[in-house]
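Here the structure comes first, spelled out in structure tokens, and everything after it is commentary.
Chain identifiers are assigned alphabetically (A, B, ...) following the order of the sequence lines, protein sequences preceding nucleic acid strands; residue numbering begins at 1 within each chain. Keep in mind that this is a model prediction, so the values were computed, not measured.
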Protein chains: 2
Amino acid sequence: MAEQNYKRSRQRERLLELLRSTKEHPTASWLYDRLKIEFPALSLGTVYRNLGVLRDQGLLRVLAAGSTFDRFDADMRTHYHFMCERCGAVEDLALDPDLGIEQRAAQCSGRIVTGHRVEVFGFCEACASKESRPIGPSQ
Amino acid sequence: MAEQNYKRSRQRERLLELLRSTKEHPTASWLYDRLKIEFPALSLGTVYRNLGVLRDQGLLRVLAAGSTFDRFDADMRTHYHFMCERCGAVEDLALDPDLGIEQRAAQCSGRIVTGHRVEVFGFCEACASKESRPIGPSQ
DNA sequence: ATTAATACTCGGAATGATTCTCACTTTAGA
DNA sequence: TCTAAAGTGAGAATCATTCCGAGTATTAAT
């Protein structure tokens, strides 16, 4: 899975640059739309295949945003996310990651822990001001 | 979304009992297969619809397990999960939830924070003993 | 108990993100 | 330059989830 032979491709290089240039945690289709301008013949399959390659190369992470679609993040430093329950936006949180969680999760178990993920959810600033009556639990 | 009129249905009541009786964090199709024994005419759509109703009633939570399918958990107390990267199993973690995360995430922002979720990943005990050479990053 | 209103069920079709297939093209090393 | 292997585009296939329409069950009021 990791000991693969990769060749360069302009599509993949630009995909990574694009992902690195934004804080939006884009979806596959957002990336496709942008990249399509530069590569008019671009195929959606190519975007998905390269997202998978970059993930295997450890150059991006996949954030599961509910069951509908994934979002992608090229910032490989451990950091936490905030997800808006109303508009679906994903924002980085300026919190120090708690690596003790991983130690405690491994403690007294045969598990191998490789990482952890924290997602805080609620309503982002824009939605919080519109939405005077917050909705009930949806996750 | 919450001020809905619900009527009782045996299918939904048994669905919730079934989910409450297991620690497996089942998928929709696992629940469907089990419930189908009891309700031979059961429809998959009914399972999904009722999972949605129970979620809106605050009686279960949806765990997004990667992009492929959801898992469901009727334990509404805040608690953390461990997810095996190899077999996909989901286990509860016996860690005290850190509610300070939510306060820190809300601090100095217009956000409304309603909850948070922690997922630790790696290899479960069974997989850790088989898998001598752990695989590279996949999330 | 009957009835009316409406939520619920089933089955199957529709949706939508993601993955796969395959013929052709590009890359990289000899 | 030549060749093998990885990459590409187009579209079909997959698969979890949602939607729809006609008939059924539940509830509250008569």
Would B:Ser109 and A:Glu125 count as having a side-chain donor-acceptor pair, cut-off 3.5 Å?
->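 B:Ser109 vs A:Glu125: no donor-acceptor pair found between side chains.
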With [X], which residues qualify under side-chain hydrogen bond (donor to acceptor under 3.5 Å, both in side chains), at least two apart?
| X | answer |
| --- | --- |
| B:Glu13 | B:Arg8 |
| B:Arg77 | B:Asp75 |
| A:Arg34 | none |
| B:Thr46 | B:Arg49 |

What is the distance, to the nearest angstrom, from the [atom1] atom on [X] to the [atom2] atom on [N]?
| X | N | atom1 | atom2 | answer |
| --- | --- | --- | --- | --- |
| A:Phe69 | C:dA17 | CZ | C1' | 10 Å |
| A:Tyr48 | D:dG11 | OH | C1' | 15 Å |
| B:Leu51 | D:dA16 | CG | C1' | 12 Å |
| A:Asp70 | D:dA16 | CG | P | 15 Å |
| A:Leu44 | D:dA12 | CG | C1' | 14 Å |
| A:Asp56 | D:dA6 | CG | P | 14 Å |

For residues 87-106 of chain A, pull every pair meeting ring-ring contact (aromatic ring centres under 6.0 Å, His included), keeping only residues two or more places apart or in separate chains.
->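 Output for this query is empty, none listed.
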Contact list for residues 13-38 of chain A, test ring-ring contact (aromatic ring centres under 6.0 Å, His included), sequence neighbours left out =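 Residue pairs with at least one partner in residues 13-38 of chain A: A:His25-A:His81.
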What parts of residues 14-28 of chain A reach DNA chain C, counting only heavy atoms under 4.0 Å away?
->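 Contacting residues: A:Ala28.
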A:Tyr80 and A:His116 aromatic centres sub-6.0 Å |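 A:Tyr80 vs A:His116: aromatic centres under 6.0 Å.
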Salt-bridge contact A:Asp98-A:Arg104 (side-chain N to carboxylate O under 4.0 Å) =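 A salt bridge links A:Asp98 with A:Arg104.
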Bend across the helix from C:dA1-D:dT30 to C:dA30-D:dT1, to 10°, with axes taken over 5 pairs at each end?
->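 Its terminal axes enclose an angle near 40°.
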Approximate separation, where rounding is to 0.5 Å, of B:Leu35 CG and B:Arg10 CZ |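 It comes to 10.5 Å.
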With sequence neighbours excluded, tell me which residues meet salt bridge (Lys or Arg N to Asp or Glu O under 4.0 Å) with B:Arg111.
->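 Listed in chain order: A:Glu91.
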B:Arg20: what forms a salt bridge (Lys or Arg N to Asp or Glu O under 4.0 Å) with it, not counting sequence neighbours?
->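 Not a single residue meets the salt bridge (Lys or Arg N to Asp or Glu O under 4.0 Å) criterion with B:Arg20.
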Kindly work out whether a path of hydrophobic side-chain contacts (I/L/V/M/F/W/Y, heavy atoms less than 4.5 Å apart) joins B:Val113 to A:Leu93.
->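 In one cluster: yes.
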Would you give a per-nucleotide map of nucleotides 3-10 of chain C, 5' to 3', where B means the base has a protein non-hydrogen atom under 4.0 Å away, S means only the sugar-phosphate does, and - means neither?
-> --BBSSBB
Dump the pairs, protein N or O against N or O of nucleotides 22-24 of chain C, anything under 3.5 Å, distances to one decimal.
none

